Amino acid sequence: MSTAAIGTHSLSRQLIGGVLLAELLCAALFSAVAIGHEMHGRRRAFDVMLRGRADSLMGAVQDAEDPEDNVIVDPTELVLPAQDVYEVLNPAGRVLGHSPGSSADLLAALRSSHTPGYFNFRAGREYYRALRFDGVRVIDREEHGGYRRTVTVLYASPTRDLWHGAVEAVWFYIAASALLLAVTGIALVWFLRRRLSPLQELAAIAGRVSTRSWEFVPPAVVLRTAELAPIALSIEVLLKGLQQSFESQRQLTGDAAHELKTSIAVLKSSLQLLSMAPRTAEQYEAGLEGLLLDSDRMEELVNRMLMLTRLEEAPVEENESCDLRTVVRAVAERLQPLASLKQVVLEVSRGDARFVSMPPGDADVLCSNLLVNALQSSSPYKHVSVVLQTHDGVTELIVADQGEGIPESALPHVFDRFYRADRSRSRASGGAGLGLSICKAIVERSGGTIQIQSDIGKGTEVTVTLLALPTPDRRATDSPPASPA
Amino acid sequence: MRVLIVEDEARLANNIAEALRERCGYAVDRAGNGTDGAALTEFKHYDLLLLDLMLPGMDGLSIVRQVRRRKDMTPILILTARDQPAQVVELLNAGADDYLTKPFDLGELLARAKALIRRGKGASQPELTVGRISLNTVEQTVRCAGELIDLSPTEYRLLEYLIFRPRAIVSARELLEHLYDYNWQHHSNVIEAHVSNLRKKLRTVGEETTIATLRGRGYRLEAPEQQP
């Protein structure tokens, strides 16, 4: 994600937008239905009104009191709106009467329909709805049982008012919807602000975390929120892991600095002691010898630290393998003088195990570290045994001694860097607490495991488990791997 | 003066001990771990404790706390490879008097050791005077009215120990404990012989200040009453 895009998408804005859009659609749909319904009702009412006015017009048809027994329309008693148009025809098509103020064009337009029923027409700029019906008017019912006169009534009224009312209704619906939208929009913003405050709190607390202050305690309100609790908890777990690795890194740097500073302090104090007073040639010689040993130890320490870094950084290369049996034999042979010096019996068992996927150099370091550790913790006449075996596709390298053992409290830490179960002794034997860490790094780099078990007074046993490789061809197995003597 | 060094790095402890013996004339004992070191402090033989902070057995800070809990006022100088301010504050608050970070300058360590011992005995200057005698702890020389008196190292150490507490009675046992390390075979008549030699040398230069022997109680450095 580019930095420019940070924070441009707002969930709450999208949410509010979505809700308002849905509301708008609802309001539009509702308004459309309501308007349709309204229009239908108004039209029906209009039709009923037209019919009523036409009926009252029918009532105004009277005997003309002339010899042909004609009828006329007498509108004097009628109260009809002035803008309405009407015409009454007899079956012969003669006009019996019409609205007084109407123009001939308008009346002609009204007469254009010849089927009974409702119809619409336009005259000039005005729209009309009209009704044509044939009715029977009984005149002078009292005299001769009455004359039955059939007349056709055409009655029209401009729809302007009808539309006017409809437009008003539409405006009402639109205004009501807009008001509703505005109110719910504001309420939604307020509500979301309020409801999303745990999210902001979480962000604020997470923002306060740094490499100096790891404290991250999600507030109760965040933990109560179903959507936020998993985020908060995973942040917590992540931070704990990070803090641990940070602390262990810091501890490691501190330990490395401690070891190096101590080594330098030894060198420096030795030099200063030597130069504090005039010395004899023998004293200088002895001093220089000591200094050489000190610098050797420091070199060893730096080498081991660098080796550990290299092991932990670079993964093992594909198809790098070695013959573990050859390596074990070579290392045992090399360490035989040390075993003789300490009067310890070094036994290497004949094993069937051979090839493992480990660079030969690493295997050499692994075996010599384990063997030197075992030899150094052994007292005279004790045995150190190396067993190499393969079963179920795994190769085991077991180095066991009969030394004084490691206290149970120290066992979980023996693979920690710079850890020394007995610092004074290890210092005396030149270790910096890195040997087993290097072993562990080598084994893990090759995908294996290393385990240690120890009984006080009985001895210590280190077991390295590696994946066994099939033996290549005969000739390859006979040639020993390049050993970094 | 007798100093205890508690340091697990043997070569470093050895160098410091050599320097303290050679340059300051102190008796020095060494402990390679915290437990032994803490046990040695209980004898209260020491005029200065030099402690490493990271020690097997018991760390330096715990030793400081244990010593101070006993109301032991012995000056304590801490050697540490870590110098985070918080740790220094904790150390000083626990009762340590000073600290040096590794790698340190051996000369500085000796100067600080001397200053701490001097302060511990209530003196603020490296030169101490009784009567006409003045003893310079830096040069390790003794003068009488400006004239150098030739003393053996043991005689110098004896006088140095006594001159910090003029007119006080110091037992032969205390002198033994503070002038020799534990490798020394203790014979109280050794002290008597050295005191006697010292007395003679002072008398030779015509100094009236002398070391009186109080039978069964010890020795006392006595200066003549100052003329008004």
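Numbers restart at 1 for each chain; the letters A, B, ... are given by sequence-line order, proteins then strands. Remember, predicted model here, so these are calculated numbers, not experimental data.
A salt bridge does not link Asp150(B) with Lys201(B): none of the charged nitrogens is closer than 4.0 Å to a carboxylate oxygen. Using a cut-off of 4.0 Å between Lys/Arg side-chain N and Asp/Glu carboxylate O, Arg304(A) and Glu259(A) are scored as not salt-bridged. A salt bridge links Glu18(B) to Arg21(B): at least one charged side-chain nitrogen sits closer than 4.0 Å to a carboxylate oxygen.
Exactly one of Arg68(B), Arg118(B), Arg119(B) qualifies for a salt bridge (Lys or Arg N to Asp or Glu O under 4.0 Å) with Asp97(B). That residue is Arg68(B).
Donor-acceptor pairing under 3.5 Å is recorded for the side chains of Tyr219(B) and Glu192(B). Side-chain polar atoms of Ser270(A) and Asn15(B) form a donor-acceptor pair below 3.5 angstrom.
Across Leu40(B) and Tyr46(B), no two heavy atoms sit closer than the pair O-CE1, 3.4 Å. Nearest heavy atom pair, residue Ser377(A) against residue Asp401(A), reads OG-OD2, 3.2 Å.
Near-neighbour residues of residues 98-108 of chain B relative to chain A, defined by a heavy atom under 4.5 Å from a heavy atom of that chain, comprise Lys102(B), Pro103(B), Phe104(B), Asp105(B), Leu106(B), Gly107(B). Residues from residues 337-346 of chain A never place a non-hydrogen atom less than 4.5 Å from a non-hydrogen atom of chain B.
Side chain of Thr74(B) to main chain of Leu48(B): no donor-acceptor pair is present (N/O by atom type, distance under 3.5 Å, no hydrogens or angles).
When Gly290(A), Ser269(A), Gly254(A) are compared by the number of non-hydrogen pairs under 4.5 Å with chain B, Ser269(A) comes out ahead.
Residue contact with chain A, scored on non-hydrogen atoms closer than 4.5 Å, involves the side chain of Leu110(B) exclusively. Glu22(B) touches chain A through its side chain: at least one heavy atom from C-beta onward sits under 4.5 Å away, while N, CA, C and O do not.
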